[in-house]
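To keep things clear, I will list the structure first and then write my remarks on it.
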Amino acid sequence: MAGELANGETKVGSVKTLNTTYVKPKKLIGRKECQLVTFDLPYLAFYYNQKLLLYKGSDDGGAALEKLKDGLAVVLEEFHQLAGKLEKDEDGVFKVVYDDDMEGVEVAEAAAEAVDVAELTAEEGFSRFMELLPYNGVLNLEGLQRPLLAVQITKLKDGLAMGLAFNHAILDGTSTWNFMSSWASICNGATSVPVPPFLDRTKARNTRVKLDLSQPSDAPEHANSASNAPALRGKVFKFSASAIDRIKTKVNGASKPFSTFQSLSAHVWQAVTRARELGPTDYSVFTVFADCRKRVDPPMPESYFGNLIQAIFTVTRAGLILSSPTEFGAGLIRGAIESHNAEAIAKRNEEWESKPVIFGYKDAGVNCVAVGSSPRFQVYGVDFGWGSPESVRSGLNNRFDGMVYLYPGKSGGGSIDVEISLEAKTMEKLEKDNDFLFEA
């Protein structure tokens with residue numbers, strides 16, 4: 001029987017946890033440690049980053065779960081940091097450590113056999129996914145005591161749900177999906193990881209930063225009472241390839257064409273600003289968590305494992321966003337991204353290192369639209385042997401008013417799913433805004 005949530009969505013209900021085990025690298029690899037660097041540390045007060053993948057089919061009798069666990073043990077030989085824990089050295093510098101006597105990755109087996117995959121795939125919100133995801137409301141700082149990766153495999157009526165929680169202090173989206181595709185390759189018969197992770201974070205930044213953090217109550221988010229915040233609604237808007245083309249055409253009056261990301265981001269920023277009914281002199285911030293692997297000097301490989309992202313901000317008044325063509329916002333976004341070169345990245349790091357600030361996950365700016373994830377991530381290529389996912393979604397952690405996740409659409413061809421969290425009254429206006437929707 002499904003239960004009712006505060007915002008009117010129903011939850012899955014009757015998810016039974018059957019068993020919890022731990023998976024370690026298949027071979028003994030000894031003690032491995034790597035300090036966390038300036039790109040990692042600001043995320044200690046964020047929550048674990050959750051992903052949900054829904055699969056149709058797979059087989060009965062627990063064979064799918066055993067296959068996943070066997071593959072995980074092999075892939076962890078290379079990605080051993082995910083099987084470790086956070087520690088602090090004698091100087092108060094955080095590091096990620098794996099040793100053979102650690103418990104490894106937490107894997108929970110669950111069942112919700114009255115629920116079918118199509119019912120979950122059709123779900124536009126996010127609250128009802130809670131029971132399919134591990135580590136709801138768990139701060140990354142808790143990785144001092146908990147596993148850095150938790151997995152929940154829930155058997156459904158006609159498939160399975162794979163819920164994952166990754167400690168965001170040790171990896172970003174690029175690293176997450178590199179790991180997931182490597183795990184899938186092993187499950188499909190590869191004998192080794194196709195592209196081993198580049199594990200030496202200090203090659204990107206080698207500054208030792210002492211932080212006075214050791215328990216969740218030290219984090220700024222701990223002091224924020226969620227009960228005072230207005231209820232959030234989440235919704236995924238599915239833009240077809242032709243809708244994306246039309247958005248790009250509408251935005252591209254400029255001589256230098258805007259990218260798909262810049263065009264779609266400006267389209268979302270303008271529509272959310274309209275739905276919020278901000279005054280003309282109110283400020284609005286656009287934030288993008290940009291991959292810096294190719295921006296740093298020297299550049300780092302795509303396989304760099306860790307966080308190599310920085311938040312890039314641009315701000316303007318709501319009146320300008322609303323009275324100008326969409327290309328105005330696209331121009332601001334492009335300007336902010338293009339100016340974020342190696343010099344700007346180093347300057348940001350130096351400023352932070354001289355006065356470290358541990359941000360709460362909501363600190364993305366006033367009236368913000370903040371974009372994470374990327375339609376470039378090959379999320380629908382994560383096939384463990386029973387086909388590609390029917391749907392890929394973000395979990396409940398780290399959501400705030402204005403948070404946007406972009407994923408490629410299941411249909412491919414340039415389609416994009418835009419997953420947005422907004423205050424309920426704003427979402428109500430956005431989902432009726434035909435200028436925003438196109439065919440979404």
Side-chain angles (χ1 to χ4, degrees), residues 33-49 81 84-97 137-146 148 166-176 199-224 285 287-293 295-297 300 304-315 336 339-366 368 370 372 397-398 400 403:
E33 57 179 75
C34 187
Q35 79 179 53
L36 297 188
V37 298
T38 310
F39 291 102
D40 300 304
L41 298 171
Y43 300 101
L44 282 164
F46 282 44
Y47 292 99
Y48 274 66
N49 201 13
Q81 291 181 5
K85 290 269 195 327
L86 297 180
E87 287 186 8
K88 291 174 81 174
D89 67 19
E90 62 281 0
D91 298 326
V93 175
F94 276 86
K95 57 187 174 178
V96 57
V97 176
V138 175
L139 286 167
N140 295 316
L141 191 55
E142 295 182 53
L144 289 162
Q145 292 87 31
R146 290 180 183 253
L148 301 179
F166 294 88
N167 190 300
H168 202 340
I170 73 157
L171 82 170
D172 59 14
T174 298
S175 298
T176 296
L199 294 171
D200 188 358
R201 298 159 192 259
T202 60
K203 290 286 190 289
R205 190 82 184 164
N206 196 12
T207 311
R208 292 171 56 77
V209 182
K210 179 184 177 182
L211 293 176
D212 295 320
L213 283 173
S214 43
Q215 55 196 16
S217 57
D218 297 333
E221 188 51 37
H222 188 81
N224 294 346
V285 173
T287 306
V288 56
F289 292 92
D291 183 4
C292 296
R293 284 166 177 75
R295 296 171 187 271
V296 291
D297 184 20
M300 291 291 112
Y304 176 98
F305 186 85
N307 287 290
L308 203 40
I309 53 174
Q310 273 187 347
I312 300 175
F313 305 93
T314 185
V315 62
S339 65
H340 203 72
N341 55 18
E343 193 180 338
I345 292 166
K347 185 173 178 226
R348 173 86 65 84
N349 283 334
E350 286 157 13
E351 285 170 357
W352 192 88
E353 288 156 5
S354 68
K355 193 179 177 186
V357 178
I358 298 298
F359 297 106
Y361 72 99
K362 297 178 184 174
D363 294 338
V366 63
C368 79
N397 288 350
N398 299 317
F400 55 88
M403 186 66 216

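Only a predicted model underlies this, so the values are computations on that prediction, with no experimental measurement involved. If you read the sequence from its start, that first residue is 1, and numbering goes on from there.
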Indicate whether the side chain of Gln310 and that of Asn349 have a donor and an acceptor atom separated by less than 3.5 Å. yes
Looking at [atom1] of [X] and [atom2] of [Y], how far apart are the two atoms once the value is rounded to the nearest 0.5 Å?
X	Y	atom1	atom2	result
Asp89	Lys210	CG	NZ	10.0 Å
Leu141	Phe46	CG	CZ	13.5 Å
Lys347	Glu350	NZ	CD	9.5 Å
Asn206	Arg201	CG	CZ	13.0 Å
Glu351	Thr38	CD	OG1	12.5 Å
Asn140	Leu86	CG	CG	8.0 Å

Are Gln81 and Asn167 side-chain neighbours, meaning at least one heavy-atom pair lies under 4.5 Å? no
Test Leu36 against every option in Leu211, Asn307, Ile170 by the side-chain contact (heavy atoms from CB on, under 4.5 Å) rule and name the one that passes. Ile170
side-chain contact (heavy atoms from CB on, under 4.5 Å) test vs Asp172 passes for just one of Asn49, Leu308, Asp40, namely Leu308
Evaluate side chain to side chain contact (heavy atoms under 4.5 Å, CB included) for Cys368 paired with Phe400, printing each intermediate quantity in order. CA-CA 10 Å; Cys368 79; Phe400 55 88; 3.6 Å; yes
Contact summary for [X] and [Y], nearest pair of heavy atoms:
X	Y	answer
Ala311	Phe289	CB-CE2, 3.8 Å
Arg348	Ile312	NH2-CA, 4.3 Å
Arg295	Ala342	O-CB, 3.2 Å
Met300	Lys203	CE-O, 3.6 Å
Pro356	Val209	CG-CG1, 3.7 Å
Gly84	Leu148	O-CG, 3.3 Å

Which of parallel (below 30°), tilted (30 to 60°) and perpendicular (above 60°) describes Tyr43 and His168? parallel
Under the ring pair (Phe, Tyr, Trp, His ring centres under 6.0 Å) test, residues paired with Phe94 that sit two or more places apart: none
For Tyr304, the ring pair (Phe, Tyr, Trp, His ring centres under 6.0 Å) test, sequence neighbours excluded, returns none
For Val93, does its backbone N or O pair with a side-chain atom of Asp91 as donor and acceptor, under 3.5 Å? no
When you look at Asn398 and Met403, which way does the side chain to side chain contact (heavy atoms under 4.5 Å, CB included) test go after all the steps? CA-CA 8 Å; Asn398 299 317; Met403 186 66 216; over 6 Å; no
Does Glu343, at its CD atom, have more than 12 non-hydrogen atoms belonging to other residues, nucleotides or ligands within less than 6.0 Å? no
